[in-house]
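Report on one structure; see the data block that follows.
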Amino acid sequence: MHRDFLAIPDFSAQELRELFQLADAMRAGTFVGHPLAGKSLAMIFMKSSTRTRVSFEVGMWQLGGHALFLSPRDIQLGRGEPIADTARVLSRYVDGIMIRTFAHAEVEQLAKYADVPVINGLTDLLHPCQVLADVLTVRQHLGGWEGKRIAWIGDGNNMANSWINAAYRLGFDLTLACPEGYDPDPTILARGQTTAMIRVVRDPAEAVDGADVVNTDVWASMGQEEEQERRARAFAGFTVTSALMAKAKRSAIFLHCLPAHRGEEVAADVIDGPQSRVWDEAENRLHAQKAVMATLMEDTAQD
Ligand code: CP
Ligand code: NVA
C-alpha cells in the first residue's frame, strides 16, 4: 500500500509535526541514513523549475537514490500518451513520481493509476511542497506556528490555497489580502475555515497589521503570462513595500516562494532586506522534500 502527497491535508497534524522533525534533523545533519538506496524517482516537469527540480534531484541523491528529469519534450506524455498509461508504465520502473503540471486533475489521475507514491510538485491549484518548506521556515525562525499570525498578500493562487490547507491542518491564524476577482479557491477556503481563523480581505494593510509572517508571490503564475498586464493593473497597491512591512510585528519575517519580480509584488529592499528569509525558505525545500520522500518511499515495495 502506498501513499501520495498531493495536498497538505494528505498528512494529519501529527504526521506533519513528524515530517518537520525529520526535516530539522536533515537540516542539522543529524540524519545521515540512506533510506532510499537503490530507489528511483521520476520527475515530470510540464512547467519550468529551478528550486523544485534541483531540490528533488539532489535530495533523492542524498537519500541514496536517483532521480530522472522528464520534460514533455523527452517523454511521450508530451505527444499525447495518456496520463494513466504513463503512470502504469513508470510504476514498473521507479519507486516514486514527482509531477509539476497545469490541471490538478492530471496529478490526481496520475496518482489513481500509479502503483508508487505520487508527489505534487505544483499544479495550478496547489503547491504543497513549497508551503511545507514555508511552514518549516516559520518554525526555524519563529519557533513554531502556534499563535502566529500569517499574512498573504496578492493572488489567491496555488500558494495561497496551500497556505489555507496548512492553516486547516495546523490551526494558525491566516489573513489573505487579495484583489476582487483573485480570491483563493472557495471550496478549499470553506474547508479551511472549519478549523482555523482564515479571512480574505481587500486591504493589504489590514492583513499585515500585527502579522508575524508576511508572504507574497508573483501576480501572474506560470501559464498566465498573457494576463500579465491586466493583473498588474488589478494588483496595484498590493506590492509588499517596507512601509507595508512596518505595519507587521517588528520581529516579522518576509517569505516568497521565488522566483520573485522585484518592483512588482515585492520591493527590492524588502526581499533583500533584514526581515527576508527567502534563502532559508528555498533551502528548506530540500529538507522538507527529503522528509516527504523518506516517509513515503522508504517502505514502498515495488509491484
Ligand atoms: N518555488 C518554486 O517552486 O520554484 P521553482 O519554480 O523554481 O521550482
Ligand atoms: N504561483 C507561482 C509559483 C511558482 C513557484 C506559479 O504557479 O507560477
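Every heavy atom of this structure was used, including side-chain atoms; hydrogens, water molecules and symmetry mates were not. We count ligands from 1, going down the list as the structure has it; atoms in each ligand are counted the same way.
The closest approach between Arg285 and ligand 1 falls below 4.0 Å for a heavy atom of the residue. Within the 4.0 Å heavy-atom cutoff, Leu258 counts among the residues contacting ligand 2.
Remark: minimum distance from atom 6 (O) of ligand 1 to any protein heavy atom is reached at Arg100 NH1, 2.8 Å. Regarding atom 8 (O) of ligand 2, its nearest protein heavy-atom neighbour is Met222 N, 2.8 Å. Here the heavy atom of the protein found nearest to atom 4 (O) of ligand 1 is Arg51 NE, 2.8 Å. Closest protein heavy atom to atom 7 (O) of ligand 2: Asn158 ND2, 2.8 Å.
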Which is it for Trp163 and Tyr168 under the ring pair (Phe, Tyr, Trp, His ring centres under 6.0 Å) test, yes or no, and what are the steps along the way?
CA-CA 8 Å; Trp163 268 104; Tyr168 168 63; over 10 Å; no

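Side-chain polar atoms of Asp217 and Asn157 form a donor-acceptor pair below 3.5 angstrom.
Linking Ile, Leu, Val, Met, Phe, Trp and Tyr residues whenever their side-chain heavy atoms come within less than 4.5 Å leaves Met43 and Met222 in two separate clusters.
Contacts of Leu122 with ligand 1, taken as heavy-atom pairs under 4.0 Å, are absent altogether. Neither the backbone nor the side chain of Asp124 comes within 4.0 Å of ligand 2, counting heavy atoms alone. Using a 4.0 Å cut-off between heavy atoms, Gln130 contacts ligand 1 through its side chain alone, with no backbone atom that close.
Between His127 and ligand 2, a contact under 3.5 Å exists for no N or O pair. For ligand 2, one of its N or O atoms has an N or O atom of Asp217 under 3.5 Å away. Looking at Met222 next to ligand 1, no N or O pair under 3.5 Å apart turns up. In terms of polar-atom proximity, defined here as any N/O pair under 3.5 Å, Pro259 makes no such contact with ligand 1. The N/O atoms of Lys47, backbone and side chain alike, include none that comes under 3.5 Å of an N/O atom in ligand 2.
Ring geometry for Phe235 against Trp219 counts as parallel: the plane angle stays under 30°, on a 0 to 90° scale with 60° as the upper cut.
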